[in-house]
Amino acid sequence: MDFDLAPPTGVGPLRIGMTRHAASTALDSLRDLSAISESDRPGQHIFRPSGLMISIHCVREMLEATELGRPSSQTDRVLFRSVDVFGLPAREVVRRVGEFTSIDEDPDDDASFIAPDLLLSFWRPFAADDEPEEQQGYYFSSVLLARPGYYDTPAQGAERLQQSS
């Protein structure tokens, strides 16, 4: 199954801003009932048979972010504008996403990248850009799609509030 990232709206039935109850129901709809994982936590995260992890992050009873973790097989793909987020090397994902929007190395973690205008964040535990055998560093391990302002510092949040009023 393909999961198309559509920032800042969401992915699949998971829509940023939906209620916690609706998000939990939407998350449940993504489970494969023929192969339910013992690691599933209703209302928090599921694991599909491919190994794809999908989690929801709610604050004040609203969905603020959805995170997807790299599957172990290609039966599930996570795409952003036809870019296979987990199937391509991390550096290639950064290059191709950079064709659509700005994407920056995380100042606190040189193995991770943030596309702030899209509210997407790409993570891997370490960089191993020249070593395909080192999958945890060569490919991204997770992608987070979040609500506007999710990455703001307190000062940026205050500025965003001031600009919107």
Of all heavy-atom pairs between [X] and [Y], which one has the smallest distance, and what is that distance?
X: Y138; Y: E131; value: CB-O, 3.6 Å
X: P49; Y: A35; value: CG-CB, 3.6 Å
X: S112; Y: W123; value: OG-CD1, 3.0 Å
X: L63; Y: A65; value: CD1-O, 3.3 Å
X: R15; Y: G10; value: NH1-C, 3.9 Å
X: L30; Y: P13; value: CD2-CD, 3.7 Å

Under 4.5 Å between any side-chain heavy atoms of [X] and [Y], yes or no?
X: I114; Y: D104; result: no
X: R91; Y: F113; result: yes
X: V11; Y: I54; result: no
X: F122; Y: V94; result: no
X: R81; Y: E99; result: no
X: D76; Y: F86; result: no
X: I16; Y: P8; result: no
X: Q74; Y: D84; result: yes

Does [X] share a hydrophobic cluster with [Y], counting links as ILVMFWY side-chain heavy atoms below 4.5 Å and allowing steps through other members?
X: V143; Y: L119; answer: no
X: L68; Y: V97; answer: yes
X: L27; Y: M53; answer: no
X: F3; Y: M18; answer: yes
X: L88; Y: L118; answer: yes

(request) Test E67 against L144 for side chain to side chain contact (heavy atoms under 4.5 Å, CB included), laying out the working first. (result) CA-CA 4 Å; E67 184 174 9; L144 181 93; 3.8 Å; yes
(request) Answer yes or no: are there more than 12 heavy-atom neighbours, outside D130 itself, under 6.0 Å from its atom CG? (result) no
Got a donor-acceptor contact below 3.5 angstrom from the [X] side chain to the [Y] backbone?
X: S24; Y: R20; value: no
X: T66; Y: I56; value: no
X: H45; Y: S39; value: yes
X: R124; Y: G137; value: yes
X: S29; Y: A26; value: yes

Measuring from [X]:[atom1] to [Y]:[atom2], what's the distance to the nearest 0.5 Å?
X: H57; Y: Y150; atom1: NE2; atom2: OH; value: 5.5 Å
X: F80; Y: L145; atom1: CZ; atom2: CG; value: 9.0 Å
X: R77; Y: D4; atom1: CZ; atom2: CG; value: 8.5 Å
X: M1; Y: L52; atom1: CE; atom2: CG; value: 10.0 Å
X: D106; Y: S121; atom1: CG; atom2: OG; value: 7.0 Å
X: D40; Y: R48; atom1: CG; atom2: CZ; value: 10.5 Å

(message) Less than 4.0 angstrom from a charged side-chain N to a carboxylate O is my criterion; do E92 and R95 meet it?
(response) yes
